[in-house]
Amino acid sequence: MSMTFKPLHPTFIVEVGGIDLSKTPTDEQIAELRSALDQHVVLVFRDQDFEEDQQVAFSARFGPPERPWRHVRPELKNMVRGQAVSMIGNLDEKGEIVPPTDVRRLSQRGNMLWHTDSSYRLPPGLYTMLYGKEVPPQGGATEFCDVRAAYDALPEAMRRRIDDLRVEHNLNRTFKEADSPLLSPAEAQALPPVTQPLVRAHPVTGRKSLMLGSPASVIVGWSVEDSRALLDELLAHATQERFCYTHFWKLRELVMWDNRSSIHRGRPFEDSVHKRQLRRTTICDVASEAALA
Ligand code: OGA
Ligand code: MN
């Protein structure tokens with residue numbers, strides 16, 4: 001059976017058919033998916049039976065798993081299973097809805113601000129996979145933005161102005177904006193601010209994209225005020241409707257994306273009434289770190 005790729009948006013996002021993720025994919029299938037990610041950025045697989053160990057094994061075919069950093073907080077323990085799996089949503093380990101004031105909920109509020117995964121770490125995220133275990137009947141979508149198309153649509157003078165800029169990324173900036181508890185001193189020490197390029201080129205396609213998001217705090221060598229003005233302007237440009245796609249979750253879907261070519265955010269839902277639980281795995285972009293070294 002060969003795979004099929006059905007476009008869901010004019011510039012990115014395809015629905016992948018002809019693959020059953022409960023069976024171990026062949027090397028050829030993994031290579032085809034990798035090349036689909038290079039081109040289409042976000043892949044949606046519907047009606048998949050996908051157990052946790054299968055997701056961990058599937059993810060590992062694409063690169064090294066990201067290590068969790070939250071081990072410092074025992075109360076967040078249930079968000080991290082083993083090395084590589086975290087649960088995104090509003091449930092506790094027994095599957096019950098946790099109150100909105102619970103630290104597990106508060107610490108995930110940043111997911112609702114535009115970002116690319118782990119831009120506040122080195123290496124940053126490469127691919128992220130979310131599998132729908134519980135999805136609300138309304139709302140709770142994930143919105144994606146094609147930051148390659150957004151870059152291409154900038155006036156040439158702006159592209160020239162920003163091409164070589166670097167930006168400091170800091171998770172506490174997200175937490176402040178999201179009104180989440182800030183990093184403890186020990187966590188802040190384990191997670192110091194990092195710098196990232198504002199514009200990055202995809203190593204395979206060569207296409208340039210905007211590396212934006214809530215952790216982006218200040219442009220290196222610029223004042224906070226000037227940085228904010230430009231970063232806000234670029235984010236407003238990038239997140240215009242024409243560059244975005246809203247994914248409304250169904251049960252048993254896997255959505256997988258390339259963090260180098262997209263930014264995303266979670267959307268609200270009635271979180272004291274409905275359950276939402278997405279099982280997440282993330283692969284690190286080790287090549288980006290090597291490129292900096
Ligand atoms: C994430 C994330 C968005 C969502 O898990 O990295 O940003 O819709 N999730 O839950
Ligand atoms: Mn995310």
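Nothing fancy with the numbering, it's 1 onward along the sequence. Every number for a ligand or one of its atoms is a count from 1 in the order of the listing. For the numbers below, each heavy atom of this structure counts, side chains included, while hydrogens, waters and symmetry mates do not.
- In this pair, Phe12 and Tyr245 present their aromatic rings perpendicular. The plane angle is above 60°, beyond the 30 to 60° band.
- Between Arg161 and Leu230, the closest heavy-atom pair is NH1-CD1, 4.0 Å.
- The shortest N or O to N or O distance between Thr142 and ligand 1 is under 3.5 Å.
- You'll find the ring centres of Phe50 and Phe58 inside the 6.0 Å limit.
- Across all their heavy atoms, Arg105 and Pro100 have their closest contact at CB-O, 3.6 Å.
- Partner Thr128 forms a side-chain hydrogen bond (donor to acceptor under 3.5 Å, both in side chains) with one of Thr281, Asp117, Thr116 and no other, that one being Asp117.
- Ordered by chain and number, His115 NE2, Asp117 OD1, His264 NE2 make up the set of protein N, O or S atoms under 2.8 Å of the Mn ion (ligand 2).
- In terms of protein heavy-atom proximity, atom 1 (C) of ligand 1 is nearest to Arg280 NH1, 3.3 Å.
- Ligand 1 lies less than 4.0 angstrom from a heavy atom belonging to Ile88.
- Heavy-atom minimum distance, Ser227 versus Ser217: CB-O, 4.3 Å.
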How far apart are the C-alpha atoms of Arg61 and Asp27, what are their side-chain angles, what is the distance that settles it, and do they pass the salt bridge (charged side-chain N to carboxylate O under 4.0 Å, His left out) test? CA-CA 9 Å; Arg61 304 279 293 278; Asp27 288 345; 3.0 Å; yes

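- One finds a salt bridge joining Arg280 and Glu66 here, because a Lys/Arg side-chain nitrogen approaches an Asp/Glu carboxylate oxygen to under 4.0 Å.
- Ring pair Phe243/His237 is tilted by interplanar angle, where 30° to 60° counts as tilted.
- For the pair His264 and ligand 1, the shortest N or O to N or O distance falls below 3.5 Å.
- Nearest to atom 4 (C) of ligand 1 by heavy atom, out of Gln277, Arg265, Arg267, Arg276, is Arg276.
- Proximity of Met112 to ligand 1 is not established, as no heavy-atom distance is less than 4.0 Å.
- Within the listing of ligand 1, atoms 6 (O) sit less than 4.0 angstrom from a heavy atom of Asp117.
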